[in-house]
Every structure is written in C-alpha cells, then in structure tokens.
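See below for the structure under consideration.
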Amino acid sequence: MELSLDEFASLSRERLDPAVWDFIEGGAGEERTLAANTAAFDRVLLRPSVLRGAGSPHTGTTILGRTWDAPLAVAPVAYHTLADPAGEVATVRGTAAAAGLPVVISTFAGRTFEDIAAEASVPLWLQVYCLRDRSLTRGLIERAENAGFEALVLTVDAPHLGRRLRDLRNGFRLPAGTVPANLPVDGFADPAAHSRADFDPGLDWSVVEWLRSVSELPLLVKGILTRADAVRAADAGVDGVMVSNHGGRQLDGVPATLDVLPEIAEAVGGRLPVLLDGGVRRGRDILAALALGADAALVGRPVLHGLAAGGAGGVTGVLSVLLEELTDAMSLAGLRTLADIGPSLVGRAPDHPRRSTVGAGTDRRTAAGGGAGLRLVDLHPSVADPVMDTMNFLNEVTLRYPEAVSFAPGRPYAEFFETEQVFRHLRRYLDHLAEQGSSPAQVRDALFQYGPSAGVIRELIAHSLRVDEGIDVPPESIVVTVGCQEAMFLTLRALMSGPDDVLLVSSPCYVGITGAARLLDVAVTAVEEGEDGLSCDALEAAVAAERARGRRPRAVYVVPDHSNPSGATMPLEARKSLLELAQRLDVLVLEDSPYRHVSPGTQVASLKALDRTRRVIHLGSYAKTVFPGARLGFAVADQPVLAPDGGTSLLADELAKIKSMVTVNTSPLSQAAVAGALLESGGRVSELNARNAAHYGEAMRFTLECLEREFPAVRRTRLGVRWNAPSGGFFLTLQVPFRADNSALARSAQDFGVIWTPMSYFYPQGGGLHTLRLSTSYLTHADIEKGISRLAGFIEFECGDPVA
C-alpha cells in the first residue's frame, strides 16, 4: 500500500514507457522552474498553535458557489490515456471515490467530454487553449457546456508549448492510439509542432470578452505569475485566477508559484478566488498555499502517477493520501476549519533538496560545502532564461569536439590581425593629439584617465560616418560604448520607461538585443522577416496589435545589411518604405549594421544616411572592421529630448547619463587604438577593410559552391534541403527536413565532426526548428570544403539516406 505521493510516482515510473514518463514528468529547459515549484514548499515551516481544542478538522470550502469537500482540485493534464486506457473516465471515477473535488479536463483529453461526463459525479471544468480556429474552440466549449461542465479555465501562458528537452532528446511522439478525443485526429503526434501550428500566439485580453460571448460559464485564467497580470485579469472581469507556471513546462526560469502567490493574493484576493498549482505533493503543501493566500490548490502529475499505478483506484489512493495528510496536519497545527489558516501559520526555512525516489539525479547547481548561498529563484528571471545559455552551449560543444569543423562562431578571420597594429594605431592617435595642440600631460591623461562618459573620439567617429557613410551628425550626438551590446542596453533603458512599452524585433533576430531586453524586463514582439529582411506589412500589423492590447510600441530593431543570423539584406526601396512607415506609426528604428564594411561590392545606403526626420538610432561597432578585442561600439542618437521646463537635449546626452552609472566610460586605450585606425584610413573604414571584404566575400562564394557540389539539384530536391545566397556578411541559412536542435547539433559534432548553430535560438517567439545557420567568416577554404562535406554526410544520415 502506497503511503506517499513519492511511492505512487516510483510505481508509475516502473510501469510507463521511459519516453512517456519523461513527457509526463519533464519540464522546460533545464527544469529549473520544475525544481523550484517543489523546493518552494520545502522551504515552508509550519507554526502550530497548541491547546486550541481543535477536535476533528473540517476541510470543506465553497468556491464559485459550489461546495468542495476540501480545498483541492485535479489540475488539467493532457492525455490521461497515456497512463491508463480509460483515461479521464478513470480519473473522475477515482476522484469521486476519494472526495467531492472538481476535475479540470484538458482540451487534449484522451476521452470525449460526453464519456467523461457520463461517469462523473464530481464537478467538471474545461481547460481551454484558444486555437487559431476560433470556431473549433467555440465548438469545444459548447460540447463541454452541453455535457454539464461547470466552468472554463483559459490557459494564458502557452502561445506554444515550451522547449522541453527530454521530449526533444527522445524525439517524443504520442503513442499510436493516443489522440485528442475531442479534436480532429490529424497532426497531433508531435505536441510541440502542433502547438506552433494551431495555438493562437496573438491572444490578448480581448479573448476574455470573446469567451464571454461564447459561454455564460464562470471563467478563470490559468498562468498568472505577476501582480499586474492578476489585476488585469480581475479588471477584465474573470471569475478567478490560477497562479500557475504550467508545472514548469513553459518558460524555464520563472519563479515558483508559491513564491509569487502572496503578491497576487494581496492584489486580487477577496475580489475573486485565487487558486494555485505547481509543486503540491503533500497535504501540508495545501496548508502552506492557503496560508499564503490561495483559496485552493490543484494537483496534476501525481494524479497521472496514481492512474498509471492503479487506474481509478490509484487516483483514489493519491487523493486520499493528500486529504489524510491535510486533515492530519490541520489537527496537529490546531486548526479546526480552513478559516483558521492565515499567514501566521507559516515561516520559511533555508533551502534543502527534496529527497525523492524518482528524481532525475543530483542538481548540478547545488552548492558544495557550507557558507552563504543564493537561490536561483530569488535572482532576476533573466539569468535562467534559455537565451542566456545559447553561447555557453555552443562554446561547450566546441570545446568538447576540438577536431570538429565549426561553422558556429561569427568572428573575423584571425590572419588579418598583427600585434604591431595595435601599437601603430596608438602611436598614430597620440601624434594626432600632439598635432592638435595637446600638451604632454594632456596626451598622457588621454590614455590613463577615465575621460568623459560619452567618449573622447566622437569627432573622429562623426568624421568617419560623414565621409564613409553619408551620415552627417554632430559629434555630440554620439556616445562611445563598450561594444555595440552596451549601445543596445543604454538605448533600451532610455526608451523603455514602463511595463507597457514594447520593442519590436525582426525575426529571426540577433540574440544580443533580445538578451538585453530580457535583462531590462522589456517586452519583445517578433516581426516576420522575409527574403528581403523585415516585412513592413508585418511591422504595421504588429504595431496595430500591440496598441490594441493597450501597449506602446517604442522602437523596431533591424539589421538591414547581411543580417545576423539570416544573411538577408534590405533593398533600397524597402528601407525607404520602413522609414516612411516608422514616421507614420511614430516609432523609432534601431539600426545595427556591423557587416556593411566587411562585405564586397557597393553597399545600399544605411537607414541613418536616408533618415531625414531623426527616426533612426544608429548602433555601430568596430568589432568586425578594426578588431573585436577593442570592444568599441557607439550609438548615434541625435533625437531631441524636451524637458518639462521647456529645455532640450539630445538623446545621446541621456544615454551618457545612464552609461555613467553602468560602465562609467569606455576604455581610453580602446578608443585610442580605434582612433588610430580611423586616422590611418582617413575615416574611410570601407577602404581599411577592402582586403577583408574581398576575403569574406570569397569565403561565402566558396561555401555556396561547396553546397552546390555536395547537394546537386536532384539530391537536394529529394532530401528537401535548400539555402539562401547572401551577397555579403558572415552568415547563411540552410533548411533541412529534420529538427535542427541541440540534440541534432550534438550528434553532428560527435558523429560527423561538424558544428553549426540552430536557428531556433534566434526566434524570440518560436520558429526556425528546421533551419541551421552557417558562419563562413573565419574558416580557410580547406576547412570550409571539409566541413561542408561532413555536413552533407550528417544531413543525409538524418534524412535516412546515408551515402553508400
């Protein structure tokens, strides 16, 4: 007889196929949020009150006008038929045998609503994914309502399914016979792919009004993790909120639900019911949730554990254990009714890992030894965002397979650099200062002292932009930064003043800008990129949609020349159309164009050179054109800023203020080295890089030639392989018929000796699953030829068509 939920889990793991177990049990990313959900309850200490004469506790409660036997419900989980052929029918039978508790039935239930309702003597709620096909969603709701369901639960944290590494590694597909019984049966074998195809990623708060028009059932929203969203939900007129992170299965790195519960309960508790799911594994966990503000808790995975362990009887066993533990804990804590539970019941303990018989192994983030420690969940959520691990993963793969040919790094060709160049550039700049009348002491200070936050070589940068780019701006409109990354950070910090401000980005997009936005809690909306770069039609639609949501689109980020990662270049007319659209929509354009002067041929005029209304903030870098180690970038921000007193300044002045509190200044040594290069070339960076541009152009040409040779037309058509042909830059993209994810990359590196970059890294809101990026910049022709040959072998093997 199983006496704890861990025991049910252990038994179910023995009985389930390993891939099915991983599908049920796994979470998104590194499963940090999954672990955090249970760890949050582990930190809670109960403070019992003695000699209270509590007697036998009463666990009943009333929510949405319905009396429950306990403050507990069954959370929505898809495909109960994975655990038992009777699926949700067995679940409602087992629940009823334990107590009168609601069961929330998933849109992706394995049994029909009618079959489930026919067996149910407990309240049924319908969990709703709002699909792109609203008529299909309406039909589901009408069927559930006709079957006697009592409420709707809208899941709001899933524009698509999260990146679940266990499923990716397993290549998980639903077993034969497991289908969503209430939906058309085609296309569901790959849940993640289906979600991207059929879930509506553009949902906003207007969906509440639409659901109200479809049904009069009470409506709860599931997936709330912030006070602000809870208030928005209440203001939108919902009937309840569920504090949920989808069991750690959506965005990894978000906080545990128990940790954010108090702020949400404080904001809306009393106005409407607050329910919580995620991490509930013991009766005392329910007490903790109630003490911190919940009206009830939900339990998900353990119900499937019980179902797999013993069908309906196993569900009864799981819920009975929880209810017995709840009653026992209330009695020992001196609690007669749920009304006696309050914040004074709980305290917090130091972190300690939950011991479990079914864990996946030791958490590699557990600190060794004693001393003070920090919890990841108490740090800013950005540090656990998967985008922050992108470069780390690539570096790990590269170090693990040093003999592999790597098309991943987008760095300049090393043979262009000579150590003596740095000293020559420094001397040239120091001579320039002396020629300009600087005293020896002033020359010395130019290298050894901090210098102004805005930079000391702005005049030289302004001159270079004028003679090389046709960008005529005053030096005071320029801020010299620590690489272009700081220019992005400063610009976003200045422009984005509140939670409703939005950054639009071309998708696929360079991860540096989305990473900076994540660090600053700036909302990002992806705008589709076509073969010629950012689509103006898609941009206009995105701006309209954001404004309809009550948000303020502030700027759009683009790389118009030989983009990283796609290699696309915007034609001249498209650039003019973008500037006209930005003026009409009243948004700024953030132009980042590091590859112009390392690409062969005449380049299209930059957006800033075409800018007549100061709509463009130009973000520049000398990483590719001088040398990366200088870590020197700049922002051209000549937009006027009007102060409340009527005074004006330039946006660059405001960026410099922020910089003074971040990096203080940019290294004078780096500025001097770059200044010497600018002086040596007369400000014409394009001429300084003529040889480099020719080399990179030839590397791109040769890579395309090797691809043509390895994949002649007949073979690439048969395999479903195609690529683009950029006119410059460092990158091209290759589309393949299989998932080009981290698992595929690891196989490619280990078994075929070639490394590339998954394009999915670069899609802020999902995409690129069948595309990989190749960087051609720093490899020799011999490396390129060898690498493309290996890549061809890998692709053919993945397609099931290995070369004989």
Side-chain angles (χ1 to χ4, degrees), residues 64-65 75-76 78 102 104-109 113 123-161 180 182-184 187-188 194-226 228-244 246 250 264 268 271-275 499-500 502 523 525-526 538 540-553 765-766:
L64 297 180
V104 188
I105 301 298
S106 170
T107 289
F108 296 101
F113 298 153
L124 298 179
W125 294 2
L126 174 65
Q127 176 270 330
V128 178
Y129 285 113
C130 198
L131 306 174
R132 294 178 192 267
D133 184 348
R134 289 288 179 92
S135 64
L136 187 55
T137 305
R138 179 195 293 267
L140 289 170
I141 293 170
E142 290 173 349
R143 282 182 55 197
E145 192 167 359
N146 290 336
F149 284 50
E150 299 181 10
L152 304 178
V153 179
L154 174 67
T155 293
V156 294
D157 62 358
H160 57 80
L161 296 188
N182 299 286
L183 291 167
F188 293 92
H194 165 258
S195 73
R196 292 186 184 277
D198 289 348
F199 286 15
D200 185 350
L203 288 184
D204 55 33
W205 288 104
S206 66
V207 72
V208 173
E209 183 178 355
W210 180 78
L211 286 170
R212 290 294 195 203
S213 74
V214 171
S215 173
E216 295 182 357
L217 291 179
L219 174 63
L220 300 90
V221 291
K222 175 179 179 289
I224 301 298
L225 288 175
T226 67
D229 277 345
V231 171
R232 289 189 185 104
D235 291 345
V238 305
D239 298 292
V241 297
M242 287 190 183
V243 182
S244 172
H246 217 105
Q250 283 301 103
I264 293 171
V268 300
R271 294 176 62 183
L272 69 173
V274 176
L275 288 73
D500 292 326
V502 178
T525 293
E540 186 166 13
V543 169
E546 289 301 329
R547 287 175 175 161
R549 295 184 181 104
R551 303 207 291 184
R552 184 172 68 150
Q765 293 170 345

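- Taking every heavy atom of both residues into account, L220 and A151 meet most closely at CD1-CB, 4.2 Å.
- Using a 4.5 Å heavy-atom cutoff, the side chains of L136 and L183 are in contact.
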List the steps, then state whether side-chain contact (heavy atoms from CB on, under 4.5 Å) holds for R134 with C130. CA-CA 7 Å; R134 289 288 179 92; C130 198; 3.2 Å; yes
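- Nearest heavy-atom pair, F113 versus S106, reported as atom, atom and distance to 0.1 Å: CE2-O, 4.1 Å.
- A donor-acceptor pair is defined here as one N or O able to donate and one able to accept, closer than 3.5 Å; such a pair exists between the side chain of Q250 and the backbone of H160.
- Between V241 and A233, the shortest heavy-atom contact is CG1-CB, 3.9 Å.
- Rounded to the nearest 0.5 Å, atoms CD1 (I264) and OG1 (T226) are 6.5 Å apart.
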Pair W125-L64, side-chain contact (heavy atoms from CB on, under 4.5 Å): steps then yes or no: CA-CA 12 Å; W125 294 2; L64 297 180; 4.0 Å; yes
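- Residues W205 and D229 are in side-chain contact: their nearest non-hydrogen atoms beyond the backbone lie under 4.5 Å apart.
- Taking the charged nitrogens against the carboxylate oxygens, R212 and D239 do have a contact shorter than 4.0 Å, which makes a salt bridge.
- E142 CD to L126 CG: the interatomic distance, rounded to the nearest 0.5 Å, is 12.0 Å.
- The CG atom of D157 lies 7.5 Å from the CG atom of L225; values are rounded to the nearest 0.5 Å.
- The two atoms that bring S244 and H246 nearest to each other are OG-N, 3.0 Å, heavy atoms only.
- Electrostatic pairing of R271 and D235 counts as a salt bridge here, judged by a charged N lying under 4.0 Å from a carboxylate O.
- Not a single donor-acceptor pair under 3.5 Å links the side chain of T155 to the backbone N or O of K222.
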Side-chain donor-acceptor pairs of residues 541-552 under 3.5 Å, sequence neighbours excluded:
{"residue": "E546", "atom": "OE1", "partner": "R551", "partner atom": "NE", "Å": "2.7"}
{"residue": "E546", "atom": "OE1", "partner": "R551", "partner atom": "NH2", "Å": "2.9"}
{"residue": "E546", "atom": "OE2", "partner": "T525", "partner atom": "OG1", "Å": "2.7"}
{"residue": "E546", "atom": "OE2", "partner": "R549", "partner atom": "NH1", "Å": "2.9"}
{"residue": "E546", "atom": "OE2", "partner": "R551", "partner atom": "NH2", "Å": "3.4"}
{"residue": "R547", "atom": "NH1", "partner": "L585", "partner atom": "O", "Å": "3.3"}
{"residue": "R547", "atom": "NH2", "partner": "L585", "partner atom": "O", "Å": "2.6"}
{"residue": "R549", "atom": "NH2", "partner": "G202", "partner atom": "O", "Å": "3.0"}
{"residue": "R552", "atom": "NE", "partner": "D501", "partner atom": "OD1", "Å": "2.7"}
{"residue": "R552", "atom": "NH2", "partner": "S497", "partner atom": "OG", "Å": "3.1"}
{"residue": "R552", "atom": "NH2", "partner": "D501", "partner atom": "OD1", "Å": "3.1"}
{"residue": "R552", "atom": "NH2", "partner": "D501", "partner atom": "OD2", "Å": "3.0"}

Should L131 and D200 be marked as a side-chain contact (heavy atoms from CB on, under 4.5 Å) after you check the CA-CA gap, both sets of side-chain angles, and the distance that decides it? CA-CA 5 Å; L131 306 174; D200 185 350; over 6 Å; no
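- The aromatic rings of Y129 and F108 are tilted relative to each other, their planes meeting at an angle between 30° and 60°.
- In this structure, CG in L217 is found 10.5 Å from CG in L211, a value given to the nearest 0.5 Å.
- The shortest heavy-atom contact between A234 and L272 is CB-CD2, 4.0 Å.
- Across all non-hydrogen atoms, the minimal contact from V208 to A236 is CG1-O, 3.6 Å.
- Between the CE atom of M242 and the CG atom of L154 there is a distance of 11.0 Å, given to the nearest 0.5 Å.
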Run the side-chain contact (heavy atoms from CB on, under 4.5 Å) check on L152 and V214 step by step: do they pass? CA-CA 11 Å; L152 304 178; V214 171; over 6 Å; no
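- Remark: side-chain polar atoms of Q127 are paired, donor with acceptor, to backbone N or O of T107 under 3.5 angstrom.
- Atom OG of S215 is separated from atom CZ of F149 by 12.0 Å, given to the nearest 0.5 angstrom.
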